[in-house]
Engineer: 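This structure is in structure tokens; I'll ask about it shortly.
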Amino acid sequence: MLGRKERDQLELFITGSLRQLVPDDHILARVDRVLDLSWLRDEVADLYCTDNGRPGIDPEVAVRLMLAGFLLGIIHDRRLLREAQVNLAIRWFVGYGLHEVLPDHSSLTRIRQRWGAERFRNIFKRTVKACIAAKIAAGEIVHIDASLIRANVSWDALAVRHIADVEAADLSEFEWKDRQSGKHKKICTTDPDATMATSSRNRRLEPAYKQHTAVDDLAGVVLDVEVATGEENEGMAIEARLDAIAATTGVDIKTATMDAGYAYAKVFRALEDRKIEAIVPAKTEQLPGKVIPTRRFKLDAKHNLVRCPTGKILRPKGKLQRGSFQHFHASSKDCRACPLRSRCVSLSRHARVVVFNINHPSLLRARRKRLRWGKNEHNLYRRHRWRVEGIHGEAKSWHGLARAIRRGKDNMRIQAFLTAAAINLKRLAAVLFAILLMLAARVDDRLHHQRIASA
Ligand code: SF4
């Protein structure tokens, strides 16, 4: 029979808690079981006056509101507070009754400005420690990758500036507009922290930030996130990230996997120094064209000299470039008499010059090791792809990380920390929920057997 629902509603009276109206498997109900913010009040107490002014929003309420937004994918404060007006689960999660007035959305902005990004990093770090305590993260096998996040900048806000103007304005990190002529840079006028970058050669440059993410191998817990400008090279950040991961987890990393974007001599050296096994596909050098390639020159790191294919010695000349690149010059006397001269030395030079990174021996060892990769290494690298790239996909698809919500690097960092904290809390809550379901099933079984026995 066709049913009919009377849509006139009686005035709402409820007794008991809003919790009774929120399903047990709702994401906020699950996360509430594992979320402990009892330490937060002390953490931020120094930012508030103790004996003067209007009482501010409870810090726990503010963080719960923000986390609820990231967990439900409602990342904009205005939308979140509008949703919270009518969403019983959010009201219950932040501890507000049906008739209580929720904070204004602008309060969340002021709280972010007052606390700064490092307090939000601490919130994220607590979730990592909780995951380690629950044994769903070990911190020994770590997958590291970077992903671009589109800055909150419109195309109209991009401007092309002459290098001289940009340097005068001290805007040193902006993308080169014209790499050939080297005369112009494209800058974001509304968010100077964002820079032009692209994730592949076939895609156009866009204003972006770059998030470096480290994910644990066991259950995909995010161990570390940090945000840099879009154009920052992956290798530049790695040492600081390795140290930060070890400091957060309190465990020495045994194995780190990264993609070819990290295959720099500096990265291999950093991993060697920390005794971390590197699962990184070291790039092979470009195939030779007409010119004899640098790989045919052998670096003797012990004596700081290079031997060319005919056994002649090239010696270091000048200072280190950019902190790690050394030029080695052949003798013009040797090259003049050499039968390989036409393939080795350009017409404008008298002798061959090669450039080596001071960490080049580490790169050579990594290349040799790459050729010996066994089943275990290939398996780990396969896991790298779905572990860390999966986290980036999850963060962008479900938690709004595809685009920056606000402008400025600090705001972007806060977004990254809260997104990572939300993902970790989901992992933690899923484990606890699975345990609860298992226990409930066991209790049901026992009752069932007791009933059969007593019948
Ligand atoms: S041209 Fe000079 S650097 Fe090149 S192989 Fe001959 S001697 Fe060595």
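Whatever order the structure lists ligands and atoms in, that order sets their numbers, starting from 1.
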Engineer: Would you give the length of the straight line joining atom NE2 of H212 to atom CE of M236, rounded to the nearest 0.5 angstrom?
Structural biologist: 8.5 Å

Engineer: Kindly compute the distance separating OG (S107) from CG (L81), expressed to the nearest 0.5 Å.
Structural biologist: 8.0 Å

Engineer: Quick one: which of H384, R383, E389 gives a side-chain contact (heavy atoms from CB on, under 4.5 Å) with W386?
Structural biologist: R383

Engineer: Atom CD1 in I75, atom CD1 in I405: separation rounded to 0.5 Å?
Structural biologist: 4.5 Å

Engineer: Is the contact between C344 and ligand 1 made by the side chain, the backbone, both, or neither, using heavy atoms and a 4.0 Å cut-off?
Structural biologist: side chain

Engineer: If the cut-off is 2.8 Å, does any N/O/S atom of C338 fall short of it from atom 2 (Fe) of ligand 1?
Structural biologist: no

Engineer: Applying a heavy-atom cut-off of 4.0 Å, say which part of V345 lies close to ligand 1: side chain, backbone, both or neither.
Structural biologist: side chain

Engineer: Considering the heavy atoms of R352, write down every atom of ligand 1 situated less than 4.0 Å from one of them.
Structural biologist: 3 (S)

Engineer: Can you pull out the closest protein heavy atom to atom 2 (Fe) of ligand 1? Residue, atom name and distance to 0.1 Å, please.
Structural biologist: C335 SG, 2.3 Å

Engineer: Is it true that the NZ or CZ of R413 lies under 6.0 Å from the centre of W115's six-membered ring and within 45 degrees of the ring axis?
Structural biologist: no

Engineer: At what distance is the nearest protein heavy atom to atom 8 (Fe) of ligand 1, and which residue and atom is it?
Structural biologist: C308 SG, 2.4 Å

